[in-house]
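Okay, so here's the structure we're looking at.
Below, chain A is the first sequence line, B the second, and so on; all start at residue 1. Keep in mind that this is a model prediction, so the values were computed, not measured.
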Protein chains: 2
Amino acid sequence: MREIHDTELLQHYMETFEIKPILNDDLLPYLTLFSYDHGELICTQGDPYNHLYLLVKGKLKIFNTSPEGRTLILSFKTPLDVVGDIEYVQGTDFINTVEAVSEVHMIAIHHRWLKKFASDHTPLLKFLLNVITQKFYVKSSSLSFNLLYPVEVRFASYLLSVCFDEGDALYSGKLSTSHLIDAANLIGTSYRHLNRVIQHLSKEGLVERHKGFIEVKNREGLSELANHRNIYEK
Amino acid sequence: MREIHDTELLQHYMETFEIKPILNDDLLPYLTLFSYDHGELICTQGDPYNHLYLLVKGKLKIFNTSPEGRTLILSFKTPLDVVGDIEYVQGTDFINTVEAVSEVHMIAIHHRWLKKFASDHTPLLKFLLNVITQKFYVKSSSLSFNLLYPVEVRFASYLLSVCFDEGDALYSGKLSTSHLIDAANLIGTSYRHLNRVIQHLSKEGLVERHKGFIEVKNREGLSELANHRNIYEK
DNA sequence: AAAGTTTTAGGACATATGTCCTTCCCAACG
DNA sequence: CGTTGGGAAGGACATATGTCCTAAAACTTT
């Protein structure tokens, strides 16, 4: 992690994502721009809270490790998104671990300044309400989906979300094998079982296994299997 | 459902739960007190939103029915709690169905007035932020817990939460059999499987099956099995 | 009290998923 | 060019859970 002293870049992000309207002017001097490399941890579960982060570049992985050591990936995030909002509101330690998947830029604001200057700033409160309710929705449908459907269905939904969203024509319809472990942890199953499910989907002709990646062969069929629900979307 | 025209009772609730501070004075004339009987539905998933409700008396069951018809109970609520908050913030239809488990009193405020008089009212915004982040916490740990642990562990946690919280000495440590189906739906499993698990816990001497109810025999043992996590707490 | 009806527990079997371990493939390295 | 190490896929087996159905119990109605 390193701080980026680049006022112009900060300004650029503020404009792109329309951040200024939600912040109190008094806060502006206290914004810091941080950069994280691939694999770096932004915060670890159990850390005491102290910053609110705005993700403005790159991709984050949010996950949680159980006392038994099992990892559960909760989500991937792309700009604009917020980290540490719940912790800020509740004044609690971080619940999850946040890792940079690519090079990541985040605008950080120390809670101290937020409390001092913006605890009654309506636009920020409304912004937080919005972000948090959205997170609640995702979490809520995720819970139902996980409890109600088997891994096969969840993986179908996952494949559809991950393989066709990036706009990357090359990888369209393909999932790199190296991401399979992540996928398993995100879906909440074991790597072994995911493999079994892929094997089954192969037999059905929905996907095909190649060296290094898995290719979607029948998008419509997967979508039907997933009940047309894109639970892992964004 | 019927409206209660009892200004004094309304006042009484407002004081007991310190509701006035979070509301804008302009709103006060628009508060309505509703009463629901056991089994009545307050709202059904898919309903268009229109009221924000404050639960001030009785017990609510929040549940969700999947397209396939499976029911998943998300929580039980007791005063003071809020219903329709997420829907109010997002302007979306109700996600879940809300049913009165006992006789229930709720203070209702139509979204129209909230928007008109309180959309910038900081105390309300803060109150909502608080309530919603708390709901997020519950949902979040619920998700992890469900994905990471088998039914036996979840049921142990459930038993501890439900059997020892009410302060009702008579039922302390006991779970009425008639609630078993609810319990299964709350835990996210089938009634059949729950029975199997109870049988197993019996063999271990942790609980005992009697006519009409299940009795906890070894609270400490259950707590250990549940990893000391009380996921269903309130 | 007898007959029917609903509620509740459990049997039988199939499917879903986890754990552990082995095999195979490929790359790095001597 | 063989050796070794690591990662990825899959086999074998155990456990967890779902579905459908049956048996027993309790409760209603006549």
Whole-Å distance separating the [atom1] atom of [X] from the [atom2] atom of [N]:
X: B:Asp182; N: C:dT8; atom1: CG; atom2: C1'; answer: 15 Å
X: B:His179; N: C:dA9; atom1: NE2; atom2: C1'; answer: 18 Å
X: A:Lys203; N: D:dA9; atom1: NZ; atom2: C1'; answer: 13 Å
X: A:Ile198; N: D:dA9; atom1: CD1; atom2: P; answer: 7 Å
X: B:Lys211; N: D:dA25; atom1: NZ; atom2: C1'; answer: 9 Å
X: A:Glu152; N: C:dG18; atom1: CD; atom2: P; answer: 14 Å
X: B:Tyr149; N: C:dT17; atom1: OH; atom2: P; answer: 19 Å
X: B:Asn185; N: D:dT17; atom1: CG; atom2: C1'; answer: 15 Å

Do you know which of B:Asn96, B:Leu55, B:Leu52, B:Leu60 makes side-chain contact (heavy atoms from CB on, under 4.5 Å) with B:Val83? B:Leu60

Is there side-chain contact between A:Asp47 and A:Asp93, with heavy atoms separated by less than 4.5 Å? no

Any heavy-atom pair between the side chains of B:Ser202 and B:Glu208 that's under 4.5 Å?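 Contact flag for B:Glu208/B:Ser202 side chains = no.
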
For C:dT19, take OP1 and OP2 only and decide whether either is under 4.0 Å from a side-chain N or O of A:Arg70.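 No, A:Arg70 has no side-chain N/O under 4.0 Å of OP1/OP2 on C:dT19.
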
A:Tyr53 vs A:Phe94 aromatic rings, parallel, tilted or perpendicular, using cut-offs 30° and 60°? tilted

Check whether A:Asp81 reaches the backbone of A:Lys77 with its side chain - one donor and one acceptor, N or O, closer than 3.5 Å.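 Side chain of A:Asp81 to backbone of A:Lys77: no pair is present.
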
For the side chain of [X], counting heavy atoms from C-beta on, which of [options] is nearest?
X: B:Arg196; options: C:dA9, C:dC13, C:dT8; value: C:dC13
X: B:Gln199; options: D:dA26, C:dG10, D:dG11; value: C:dG10
X: B:Thr177; options: D:dT17, C:dT17, C:dA9; value: C:dA9

Below 6.0 angstrom between ring centroids: does that apply to B:His111 and B:Tyr49?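 Yes - the distance between ring centres of B:His111 and B:Tyr49 falls below the 6.0 Å cut-off.
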
Nearest-nucleotide 5' precedence on DNA chain D, A:Leu147 against A:His210: A:His210

Can you pull out the residues from residues 187-195 of chain B that lie within a 4.0 Å heavy-atom distance of DNA chain C?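 The stretch gives B:Tyr191, B:Arg192 as the residues lying under 4.0 Å from the strand, ordered by number.
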
Heavy atoms only, 4.0 Å cut-off, all strands: where does B:Val197 land among base, sugar-phosphate and nothing?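 Contact class for B:Val197: none.
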
Could you go through the side-chain contact (heavy atoms from CB on, under 4.5 Å) check for B:Glu68 and A:Asn227 one step at a time? CA-CA 10 Å; B:Glu68 292 79 10; A:Asn227 298 296; 3.6 Å; yes

